[in-house]
Amino acid sequence: MDRLHPHTETIMATYSTSEFKNGLKIMIDADPCSIIENEFVKPGKGQAFNRVKIRNLKTGRVVERTFKSGDTVEGADVVDVEMQYLYSDGDFWYFMSPETYEQLGADKTAVGDAAKWLKEQALCLVTLWNGVPLSVEAPVHVVLKVTDTDPGVRGDTSGGGGKPATLETGAVVRVPLFINIGDSLKVNTQTGEYIARAKD
Amino acid sequence: MLRVRAALMARVRAFFAGRGYLEVETPLLAHAGAADAQIGQFVVNDPVYGTLYLQTSPEYAMKRLLLTGAGSIFQVSKAFRQGEVGRFHNPEFTLVEWYGAGYDRARLIEETCQLLGELIPDLACAPRIVAWAELFRELIGIDPLAEPTELLLQAAYDWVPSARGLTLEDRDSILDLLMSTALAPRFADDRLTVVVDYPPSQAALACLNEAGLADRFEVYGGALELANGFCEAVHHDEYAHRFAQEARKRQTRGLPAIARDERLLRGLAHAPLPPCAGCALGFDRAVMLATRASDIGTTLAFPIERA
């Protein structure tokens with residue numbers, strides 16, 4: 001089966017509240033969502049409810065929903081696939097599956113903040129909804145070259161103070177004073193923080 | 001945790017022994033299931049006995065013992081409820097259930113609070129006893145007995161915005177939603193809240209008082225429901241009527257029919273239940289409060305995921 005297009009092969013399941021668990025992907029108001037918290041409440045002699053916190057995978061917003069226990073919800077065809085970043089034409093960012101060599105374009109909304117960390121060949125986690133990229137997660141650690149920063153201060157290796165440096169992908173991070181243009185830096189994309197100078 | 005649990009269980013047994021209760025054991029696997037339409041049941045098929053039910057509480061069997069003149073009895077029993085899984089629920093759990101012969105509701109409430117006070121030392125103040133309808137008036141400003149259903153539904157949507165869009169077909173579902181998500185979370189943490197005088201539609205097998213309300217109580221520790229007690233209905237017709245009501249609810253909701261407890265009904269037809277009041281206490285939840293656990297699973301040797 002084509003991993004990137006499972007929807008062409010499968011009919012999405014419906015899930016009963018009793019199958020709810022964290023990470024389950026369901027459709028809410030026509031948007032794909034992921035369950036992040038599920039609480040079962042029931043008076044001993046009364047009606048049971050599931051109070052659920054869900055993240056809208058399109059907007060990232062977290063909302064709360066209450067279901068009557070036993071209700072069913074349509075599943076969302078959402079899969080996470082590891083893909084290699086190829087290039088961007090400004091409108092789309094193109095990724096390739098290292099397994100099938102199939103290519104997909106992700107729009108600005110899907111790529112979001114990941115865009116500023118993306119360098120050719122980086123392996124990213126691409127979340128697909130019905131085969132279309134929904135979101136892109138850059139690798140946690142990337143190595144990028146400094147394209148602009150104030151001249152380095154020799155002898156300062158303390159890391160105290162610091163200055164902004166622009167990286168080859170356009171991201172700006174705070175770096176120690178001894179960093180120079182042309183240096184390669186290891187950066188944490190989740191915190192946006194400089195980790196260390198990398199050997200070329 | 002297991003040591004604390006064992007110590008608390010020893011205290012429960014000592015509590016009832018000290019009060020002259022006889023400890024009994026009734027079957028977990030029986031021919032009849034619970035009438036209650038809100039309770040999911042595990043059904044077992046046996047080649048010899050046919051359909052058998054894992055008991056959701058020892059209530060019917062203990063009432064059959066009461067009919068034989070057993071006097072005051074208590075039991076520590078496993079109970080099974082299908083589909084009840086979560087931070088406060090495990091489908092197999094431990095109930096402490098007891099019936100005080102000749103007890104009225106007030107005496108049983110006092111006894112229940114005393115037992116809980118012995119198990120949960122954190123409870124500083126005396127319990128607050130409050131009428132079910134009063135809680136709705138006090139906390140969300142509506143009269144749950146008088147307001148029309150549409151207004152109750154509107155209140156539910158206002159107080160529980162995450163439930164907007166939910167179809168709630170009957171009044172009791174709306175009231176249950178408000179109780180467990182809008183009211184109970186606002187109960188005091190450092191004392192027991194005893195809710196009394198339930199509407200007749202939520203009477204279960206409690207008798208009705210002069211005001212037409214159910215002589216039933218629920219004990220909460222914070223938002224956590226710990227125990228449920230009744231001044232018991234005693235007449236055959238009340239039981240037959242309520243069993244039939246629940247059976248109809250099951251039918252409308254498309255739930256499987258449950259074999260009703262004919263033995264209990266036959267016994268009641270012969271003679272009414274001796275006047276008594278009975279209570280069921282969720283032992284695991286009492287352990288949760290006593291140990292400040294936030295998940296029932298931590299009070300169990302093996303919760304369902306690992307059972």
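Below, chain A is the first sequence line, B the second, and so on; all start at residue 1. Since we're looking at a predicted model, the values are computed, not measured.
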Does a sphere of radius 6.0 Å around [atom1] in [X] hold more than 12 heavy atoms from other residues, nucleotides or ligands, not counting ones at 6.0 Å or beyond?
| X | atom1 | result |
| --- | --- | --- |
| A:R174 | CZ | yes |
| A:E120 | CD | yes |
| B:R250 | CZ | yes |
| A:E19 | CD | yes |
| A:K108 | NZ | no |
| B:K249 | NZ | yes |
| B:D170 | CG | yes |

Nearest atoms (heavy-atom pairs only) where [X] meets [Y]:
| X | Y | value |
| --- | --- | --- |
| B:V160 | A:R51 | CG1-NH2, 4.0 Å |
| B:R81 | A:G44 | NH1-O, 3.8 Å |
| A:K45 | B:A204 | CD-CB, 3.9 Å |
| B:S180 | A:V41 | OG-CG2, 4.3 Å |
| A:E39 | B:R87 | OE1-NE, 2.8 Å |
| B:F88 | A:F40 | CD1-O, 4.5 Å |

Approximate separation, where rounding is to 0.5 Å, of B:R164 CZ and A:R65 CZ
10.5 Å
Between NE2 on residue B:H89 and NZ on residue A:K42, distance to nearest 0.5 Å
6.5 Å
By a 4.5 Å heavy-atom criterion (distance strictly below it), what part of [X] contacts chain A: side chain, backbone, both, or neither?
| X | result |
| --- | --- |
| B:L166 | side chain |
| B:Q202 | neither |
| B:D172 | neither |
| B:S57 | neither |

Do A:T66 and B:L177 have side chains that get closer than 4.5 Å, going by heavy atoms?
yes
Can any side-chain N or O of B:D176 pair as donor or acceptor with the backbone N or O of A:G46 at less than 3.5 Å?
no
Is the side chain of A:K68 donor-acceptor paired with the backbone N or O of B:L168 at a distance under 3.5 Å, no angle test?
no
Relative to chain B, which segment of A:E64 carries a heavy atom at a distance below 4.5 Å: side chain, backbone, both, or neither?
both
Under 4.5 Å from any heavy atom of chain B - which part of A:N38:
neither
Just give me the residue among A:P43, A:S16, A:S18 that pairs up with chain B most often, heavy atom to heavy atom, under 4.5 Å.
A:P43
